[in-house]
Participant: 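Got a structure for you, written out below as structure tokens; questions coming shortly.
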Amino acid sequence: MDEPLRIAYLMEDTDLSGGVRVQLAQADALIGRGHRVTIFTKGMPLTWRTSEAEWEYVDTFRGESWEGFDFVIGTFWTTVGPAWEGAGERALHLCQGLEFTFTAYQEIRPRIEQTYRLPIPKLVVGPHLEAPLARFGQETVVIGQVVDEPFFRPSAGTTEGAVRVLLPGPAQIDVKGIDVGYGAALHARAQGADFDLVRVSPWAPSREEPRETAAEFHVALDSRGMVELVGSCEVLLAPSRKEEGFGLPAAEGMAAGLACVLTRIPSFLAFDRGRTDYALWAEEDDAVGLGEQIMRLLGEPELRRAVASRGREVAAQFRAELVADRMERWLLERRKALRSR
């Protein structure tokens, strides 16, 4: 049997987000296979989710040698440089999205791209990231995304009353397209559709968003609360724009048996290349098109059940043990290769 891996994750913060959730899920899955994982973070102690990892709270990632670890994983562009400086060829870059494409980072895009050019293999959550990363010249390994196991239970939905349509994500991040999601809901209602719009965000609503459009607004739910909320809905609307690195809430909704309405962007289309029957689709920024697809799901229960069933099949690839298996095999082979040099 192979010697257990010693892995360090460099986590910028512990704030509630899909990106942090995935890092924690990876760590727990690897620990479940007998490996040791330590998370180094500048953030606060974790409160919204459990974790099996060892934790070290630090003021800076720089100046560390990371001795004793087989691999040091930078999880955000700000942590990749310190991983490389302290671990050299033992450093890895976990890439869940292309930060240099985000609107908020355009002023520092050259700095981010410089980080992406470091000679570090990139572990990516989906095949859609391979092509845009090719120009940086490093090895790219598709490990897949993780949806927490509790989501893999059928959606309970509502037994009576209006269908519940979930619109997840912070309106303050334009990549999420929440403004378009509200437009889709308003269009569907203007055409006579009857449903409850349910909002959930890690942050309080922005001043600009029409909060009164939603029947419910949930803020900063912990992992258990998010599972319960997703399971109470029947339809999920994900109006993300093309810069979306993955779109974890869409995958979670599919795993839970929700029928999804998605934008036709690379990350969502990569869930099952060559087929699109796991969701209904509209173009990016097309509020009317998204609203029409909501109306189709509301008006055709059989279609809603078929889309939900197919979505659950596609989401099965996101189970933690499958991602851990891919990561484990690749990491063990790389450790062997490094040790043989």
Side-chain angles (χ1 to χ4, degrees), residues 18 21-22 25 125-128 142 144-169 181 184-185 188 193-198 200 223-224 226-240 244 246-283 286 289-323 325-326:
R21 181 182 290 127
V22 167
V125 297
H128 62 288
V142 179
Q145 188 59 291
V146 179
V147 169
D148 286 333
E149 192 63 29
F151 283 102
F152 286 92
R153 64 181 190 185
S155 170
T158 55
T159 56
E160 58 183 31
V163 171
R164 292 165 59 83
V165 178
L166 183 63
L167 176 59
D194 179 27
F195 61 93
D196 285 339
L197 183 67
V198 180
V200 61
S223 293
R224 180 177 297 179
M226 190 65 182
V227 168
E228 294 295 330
L229 181 66
V230 171
S232 75
C233 298
E234 293 95 351
V235 174
L236 183 139
L237 172 61
S240 297
E244 178 69 80
F246 181 82
L248 183 61
E252 291 171 341
M254 290 165 57
L258 278 63
C260 292
V261 178
L262 308 178
T263 42
R264 199 173 280 109
I265 60 174
S267 54
F268 290 157
L269 290 167
F271 286 1
D272 189 4
R273 287 184 167 180
R275 294 184 63 173
T276 58
D277 56 350
Y278 53 91
L280 296 188
W281 304 84
E283 297 301 324
D286 183 4
L290 290 167
E292 294 288 331
Q293 298 293 46
I294 292 173
M295 293 171 60
R296 285 188 64 197
L297 291 177
L298 296 179
E300 303 178 43
E302 289 188 8
L303 174 65
R304 190 164 73 235
R305 287 191 289 270
V307 171
S309 176
R310 178 71 181 115
R312 281 180 61 82
E313 292 177 1
V314 171
Q317 68 184 296
F318 305 134
R319 289 185 183 272
E321 65 265 24
L322 299 178
V323 176
D325 181 65
R326 288 188 287 268

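Note that the coordinates shown come from a computational prediction; the quantities given were computed from them, not determined experimentally.
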Participant: Residues in side-chain hydrogen bond (donor to acceptor under 3.5 Å, both in side chains) with Asp277, at least two apart?
Facilitator: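 For Asp277 the side-chain hydrogen bond (donor to acceptor under 3.5 Å, both in side chains) partners, ignoring immediate neighbours, are Arg275, Arg310.
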
Participant: Does Met254 reach the side chain of Phe151, with side-chain heavy atoms less than 4.5 Å apart?
Facilitator: no

Participant: Does some side-chain heavy atom of Val163 sit less than 4.5 Å from a side-chain heavy atom of Arg304?
Facilitator: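 A side-chain contact exists here, since the closest heavy-atom pair is under 4.5 Å.
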
Participant: Kindly list each side-chain donor-acceptor pair under 3.5 angstrom involving residues 293-301, sequence neighbours excluded, with atom names and distances?
Facilitator:
residue, atom, partner, partner atom, Å
Gln293, NE2, Trp281, O, 2.8

Participant: What pairs meet the salt bridge (charged side-chain N to carboxylate O under 4.0 Å, His left out) rule with one or both residues in residues 246-264, with sequence neighbours excluded?
Facilitator: Arg21-Glu252, Arg264-Glu283

Participant: Holding to ring pair (Phe, Tyr, Trp, His ring centres under 6.0 Å), I want the full list of residues that pass it with Phe268, two or more places apart in sequence or in another chain.
Facilitator: Phe271

Participant: Examine distances only and state if a side-chain atom of Ser232 and a backbone atom of Leu229 form a donor-acceptor pair shorter than 3.5 Å.
Facilitator: yes

Participant: Taking the side chain as everything from C-beta on, heavy atoms only, tell me whether Pro249 gets closer than 4.5 Å to Val230.
Facilitator: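 Side chain of Pro249 against side chain of Val230, heavy atoms only: no contact under 4.5 Å found.
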
Participant: Please report the C-alpha distance between Leu248 and Val22 in whole Å, then the side-chain angles of each, then the deciding distance to 0.1 Å, and finally whether the side-chain contact (heavy atoms from CB on, under 4.5 Å) criterion is met.
Facilitator: CA-CA 9 Å; Leu248 183 61; Val22 167; 3.8 Å; yes

Participant: Applying side-chain hydrogen bond (donor to acceptor under 3.5 Å, both in side chains), can you list everything that pairs with Glu244, at least two apart in sequence or on another chain?
Facilitator: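 Applying side-chain hydrogen bond (donor to acceptor under 3.5 Å, both in side chains) to Glu244 gives Lys176, Ser240.
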
Participant: Test of understanding: with side-chain hydrogen bond (donor to acceptor under 3.5 Å, both in side chains), list the residues that count as partners of Glu321, not counting sequence neighbours.
Facilitator: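 Partners of Glu321 under the side-chain hydrogen bond (donor to acceptor under 3.5 Å, both in side chains) test: none.
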
Participant: Measure the acute angle between the ring planes of Phe318 and Phe246, then classify it against the limits of 30° and 60° as parallel, tilted or perpendicular.
Facilitator: perpendicular

Participant: Rounded to the nearest 0.5 Å, what separates atom CG in Asp286 from atom CD in Glu292?
Facilitator: 9.0 Å

